[in-house]
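In what follows, a structure is listed as structure tokens, so that the remarks can point back to it.
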Amino acid sequence: MKIVLIGSGNVAIHLGPALIKAGHKIIQLAGRTETSTRKLSIRLNCPYTLDPGSITEKADIYILAIKDEAISGYSRYIPGNKALVLHTSGTVKADVLANCGKMYGVLYPVQTFSRKRKINFKKVPLCLEAGTPDSKKRLDSLARSISNNTQWTSYTERQYIHLAAVFANNFSNHLYLIAEKLLLKKDLSFEILRPLILETALKVQKNRPLQMQTGPARRGDTKTIEMHKALLKTDDNLSNMYTILTQSILDHSGPTM
Ligand SMILES: NC(=O)c1ccc[n+]([C@@H]2O[C@H](COP(=O)([O-])OP(=O)(O)OC[C@H]3O[C@@H](n4cnc5c(N)ncnc54)[C@H](OP(=O)(O)O)[C@@H]3O)[C@@H](O)[C@H]2O)c1
């Protein structure tokens, strides 16, 4: 299919090559910042524009991989009304694209994309939502061409998947940052935690998180919990976070502690 990709950020950088690998042709890249747009257009071997008014009408599919708040406004620039128009957000409703014509929908990749990381797109779960029955066939065929893991989700399901992803990914990554800062207080390196972080992620691939929980809260070790709180007594925010997370683990732990 002939595709116009809009955006030159983290998602576009990974989605663009995946589309090409699947045999589609990106006929134009539309971006906002010259440097990143030109760089990605070279990788995708396609022309680019920085002017939304110059987007070609010749595509079968337009994909808006841009900031959530910009999706609705930008969709007004999509020309014609016979193409399928998609966005990639976990939180924006599909019908913000309803002004684009009869075919619109959502292709939300449940993965964390960062510029310098390599991702096997075939393994990325894609949440699909067709805005209209007309959109379903084309979206299904596009999604299956780039991933082996696709599913149709309602807006509410997508909202919950996104919320769960924030807890599983964004919050745990932020906790790594806090761990790093605590170690730095004593001139210790984050390296010491890397094997632990890896094992924590690996063991939930085959097991449920509840069964894999370890640590003082899981063991009901109040002495250690009090000692940790004493170490955090000069930092109210961290101390509160520690208390909330500890309580949450206690609430989920059975009487076998
Ligand atoms: N990153 C992820 O892991 C991830 C995962 C799943 C879904 N998503 C979704 O995918 C979409 C893109 O996310 P991303 O991570 O690629 O974001 P990003 O790296 O921040 O890139 C955002 C893109 O949107 C452009 N943009 C921002 N404001 C704009 C505006 N007002 N008009 C036109 N373009 C604008 C940016 O242009 P400039 O470069 O000029 O700022 C950039 O090309 C979002 O809906 C996001 O929720 C992201």
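Start at 1 with the first residue, then count along the sequence. Remember, it's 1-based here, ligands and their atoms both numbered in the order they're listed.
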Listed partners of Arg38 passing salt bridge (Lys or Arg N to Asp or Glu O under 4.0 Å), at least two apart: Glu34
Around atom NZ of Lys203, are there more than 12 heavy atoms of other residues, nucleotides or ligands at under 6.0 Å? yes
I'd like a table of the close N/O pairs between ligand 1 and the protein (anything under 3.5 Å), one pair per line with both atom names and the distance.
| residue | atom | partner | partner atom | Å |
| --- | --- | --- | --- | --- |
| ligand 1 | 3 (O) | Gln111 | O | 3.4 |
| ligand 1 | 3 (O) | Phe113 | N | 2.8 |
| ligand 1 | 10 (O) | Thr88 | OG1 | 2.9 |
| ligand 1 | 16 (O) | Asn10 | N | 3.1 |
| ligand 1 | 16 (O) | Val11 | N | 2.8 |
| ligand 1 | 19 (O) | Asn10 | N | 2.9 |
| ligand 1 | 19 (O) | Asn10 | ND2 | 3.2 |
| ligand 1 | 24 (O) | Lys67 | N | 3.3 |
| ligand 1 | 28 (N) | Arg32 | NH1 | 3.4 |
| ligand 1 | 40 (O) | Arg32 | NE | 3.0 |
| ligand 1 | 40 (O) | Thr33 | OG1 | 2.4 |
| ligand 1 | 41 (O) | Arg32 | NH2 | 2.9 |
| ligand 1 | 43 (O) | Ser8 | N | 2.9 |
| ligand 1 | 43 (O) | Gly9 | N | 3.4 |
| ligand 1 | 45 (O) | Ile66 | O | 3.1 |
| ligand 1 | 45 (O) | Asp68 | OD1 | 2.5 |
| ligand 1 | 47 (O) | Asp68 | OD1 | 2.9 |

Is it the case that atom CZ in Phe113 sees more than 12 heavy atoms from other parts of the structure closer than 6.0 Å? yes
Quick one: salt bridge (Lys or Arg N to Asp or Glu O under 4.0 Å) partners of Glu69, sequence neighbours excluded? none
Students often mix this up, so state it plainly: with edges at 30° and 60°, are the rings of Phe190 and Tyr176 parallel, tilted or perpendicular? tilted
Partners meeting salt bridge (Lys or Arg N to Asp or Glu O under 4.0 Å) with Arg117 (sequence neighbours left out): none
